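Report on the structure given below.
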Amino acid sequence: MKNRVLSAMRPTGRLHLGHYFGALKNWVQMQEEYDCYYLSADWHALTSDYADTSKIKDNTFEMVADWLTAGIDPDKCVIARQSGISAHSELFLILSMITPLGWLYRVPTYKEQLEQITNKDLNNYGFLGYPVLMAADILLYKANFVPVGEDQLAHLEFSREITRRFNNFYGEVLVEPQAKLTKSAKVPGIDSRKMSKSYGNSVFLGEEDDSIKEKVKNMYTDPLKIKKNDPGHPDGCVVFAFHKLFNAACGQREIECKAGSVGCVLCKKELVEMLSVFMKPLVQKRKDLLGDKAYLEKVLKEGTQKACAAADETMAQVRKALKF
Ligand code: TRP
């Protein structure tokens, strides 16, 4: 029996290289080794986008198209839509009954986001309960491993604690999941902040040549390297961060940059070429997938059915454990 993996993303639309190197690439590898469930967490998207739900459905298609573009294979894993599996809401309800409020207020991202996201009112029960819904996502499938970025570790810790509490009350039914930290290079946005759609600094998966050129042109470089032969500092340079991802000879480039033997113009030109080679097959694949919504819907529908079957097994045990 293979170990089970569950992960999810909120459908916020098109994916960028931060998603790819931070998560997706890892998801693709894991399909070979584990019994993988990948969820479009559209109910989680509601926690912040409850006032305007008009984009969630299309965003789901875009996100799933990008998953497949990156190499996620519906024949090797289960691709499902959270909102199509009502067991998520049932387990969420039961878990919420045994969740101490203090645990939720203590999750660091809760306070942070409440302070940082000022264009939406997040003083909602659902937003506070975000980690409970996430725990339900994971525990419903008895996932052994959950690939997450560091930003999600506190949520995963919550899932582990609530598992122990549940099992203490009702018997050993749920499986305590383990985080599988994605050890990936941080992908900066073109302005050197974290790559994020809301910053407008992203390079998208399947980006076309013209816009790749424009984006690389605008990439932040070492401000102290003004002339070609000035010695550079690759550490804070976005172009170099990308070379580390795409250029096998990035070690050599680091030396050349520091020595002042290569200038930013050439360095950028080479990056454009490497990015373009990487993107080329993805551009077409992505276009084809997005042109065939019926296929994407079929993938989601079939995956959601499989997920429902797995979820129902756990729920039968949960109801029994609660003596219902
Ligand atoms: N909270 C995750 C994020 O924002 C998305 C998510 C929802 C998730 N349910 C999950 C991740 C279950 C892992 C497991 O990125």
Side-chain angles (χ1 to χ4, degrees), residues 3-16 18-27 30-31 34-50 56 59-60 63-64 66-67 72 77-85 87-89 91-92 95-96 99 104 107-110 112-114 116-117 120 122 126-163 174-182 184 187 194-198 303-304 307 310-311 314:
N3 272 317
R4 196 169 272 181
V5 158
L6 180 130
S7 203
M9 288 186 200
R10 276 172 301 135
T12 52
R14 198 168 177 184
L15 301 183
H16 53 59
H19 297 113
Y20 179 72
F21 288 104
L24 262 186
K25 205 175 161 208
N26 209 25
W27 287 20
M30 280 187 297
Q31 319 175 92
Y34 300 103
D35 182 20
C36 294
Y37 284 71
Y38 297 133
L39 271 188
S40 169
D42 48 2
W43 276 336
H44 273 110
L46 276 184
T47 57
S48 52
D49 294 339
Y50 58 86
I56 295 177
N59 282 348
T60 303
M63 181 178 75
V64 171
D66 280 343
W67 288 0
I72 300 289
C77 66
V78 174
I79 298 173
R81 194 186 252 140
Q82 184 188 35
S83 64
I85 309 156
H88 284 259
S89 64
L91 189 57
F92 167 67
L95 294 178
S96 68
T99 300
L104 293 176
V107 174
T109 43
Y110 175 67
E112 270 164 39
Q113 297 208 5
L114 215 50
Q116 277 166 19
I117 302 175
K120 291 169 198 159
L122 294 181
F127 186 68
L128 178 65
Y130 187 106
V132 188
L133 184 56
M134 181 162 155
D137 295 345
I138 298 166
L139 303 179
L140 203 45
Y141 301 95
K142 300 192 175 180
N144 307 93
F145 300 112
V146 182
V148 285
E150 249 170 82
D151 61 320
Q152 297 292 318
L153 271 184
H155 287 151
L156 202 80
E157 199 45 44
F158 173 87
S159 298
R160 290 161 60 81
E161 279 168 13
I162 205 70
T163 305
L174 301 178
V175 173
E176 202 173 314
Q178 260 176 283
K180 240 193 186 342
L181 253 190
T182 314
S184 58
V187 188
K194 182 180 178 215
M195 190 178 282
S196 159
K197 214 149 125 184
S198 53
T304 303
T314 306

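Each ligand, and each atom within it, is numbered from 1 in the order the structure gives. In what follows, residues are counted from 1 in the order of the sequence shown. A quick note: this is a predicted structure, and the numbers were derived from the prediction, not measured. Scope of the values below: all heavy atoms of this structure, side chains included, with no hydrogens, waters or symmetry mates.
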Check the pair N59, T12 against side chain to side chain donor-acceptor pair (under 3.5 Å), reporting the backbone distance first and the verdict last. CA-CA 5 Å; N59 282 348; T12 52; over 6 Å; no

Could you please spell out the steps behind the side chain to side chain contact (heavy atoms under 4.5 Å, CB included) verdict for I117 and S48? CA-CA 9 Å; I117 302 175; S48 52; 5.8 Å; no

Near [X], which atoms of ligand 1 are under 4.0 Å from a heavy atom of that residue?
X	value
R10	4 (O)
Y130	1 (N), 2 (C), 3 (C), 4 (O), 5 (C)
V146	13 (C), 14 (C)
I138	12 (C), 14 (C)
H44	7 (C), 9 (N)
L6	12 (C), 14 (C)

Indicate the ring-plane relationship of W67 and W27, choosing parallel, tilted or perpendicular according to the 30° and 60° boundaries. perpendicular

What about D137: any of its N or O atoms under 3.5 Å from an N or O on ligand 1? yes

Starting from atom 3 (C) of ligand 1, what is the nearest protein heavy atom, named by residue and atom, and what distance separates them? Q152 NE2, 3.3 Å

The closest protein heavy-atom partner of atom 8 (C) of ligand 1 is A8 CB, 3.5 Å

How about CD on E157, more than 12 heavy atoms from neighbouring residues, nucleotides or ligands closer than 6.0 Å, or not? yes

Just wondering, are more than 12 heavy atoms of other shown residues or ligands nearer than 6.0 Å to NZ in K197? yes

Can you check whether F127 and Y110 have ring centres sitting under 6.0 Å from each other? yes

Whether D66 side chain and L15 backbone form a donor-acceptor pair below 3.5 Å: yes

